[in-house]
Amino acid sequence: MRPGEGAAQAAYRRLIVHGASCPTCLTVDEAGKNANLHCGAGAQAYEAYRRARRGLA
């Protein structure tokens, strides 16, 4: 966590950084839309964010 950053904010930042840099998460189909491929790391980042928002982290 960064100074002044709560657990939910830190988890959200990790989720966004992951999604913006992961080749699987960034894959698009022939129409240019997100291909919605499964990404284990992305799913874990999202789950960590969900839990942090609910105070379960």
Side-chain angles (χ1 to χ4, degrees):
M1 282 192 301
R2 295 178 177 173
E5 184 177 63
Q9 290 171 317
Y12 183 73
R13 182 176 39 80
R14 286 190 297 271
L15 176 62
I16 296 304
V17 168
H18 172 82
S21 61
C22 173
T24 302
C25 292
L26 293 172
T27 300
V28 295
D29 64 15
E30 57 279 346
K33 295 182 179 179
N34 187 289
N36 202 23
L37 300 176
H38 175 73
C39 174
Q44 287 178 341
Y46 176 70
E47 183 61 26
Y49 169 62
R50 246 178 98 270
R51 291 178 62 81
R53 280 189 49 210
R54 289 172 168 67
L56 303 173

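Just so you know, these numbers use all the heavy atoms, side chains as well, and skip hydrogens, waters and symmetry mates.
Taking both residues in full, the closest heavy atoms of G19 and C25 are given as O-CB, 4.1 Å, listed atom of the first, atom of the second, then distance. Closest approach of A52 to A8, counting heavy atoms only: CB-CA, 3.7 Å.
Here A10 pairs with M1, E5, R13, R14 under the side chain to side chain contact (heavy atoms under 4.5 Å, CB included) rule; sequence neighbours left out. Evaluation of the side chain to side chain contact (heavy atoms under 4.5 Å, CB included) rule for N36 yields N34 as partners, not counting sequence neighbours. Residues passing the side chain to side chain contact (heavy atoms under 4.5 Å, CB included) test with A45 are L15, sequence neighbours excluded.
Sorted by first then second residue, the side chain to side chain donor-acceptor pair (under 3.5 Å) pairs that include residues 37-48, not counting sequence neighbours, are E47-R50. Each ring pair (Phe, Tyr, Trp, His ring centres under 6.0 Å) pair with one or both residues in residues 4-30, not counting sequence neighbours, appears once here: Y12-Y49.
Counting side-chain heavy-atom gaps under 4.5 Å among Ile, Leu, Val, Met, Phe, Trp and Tyr, V28 is found in no cluster with other residues.
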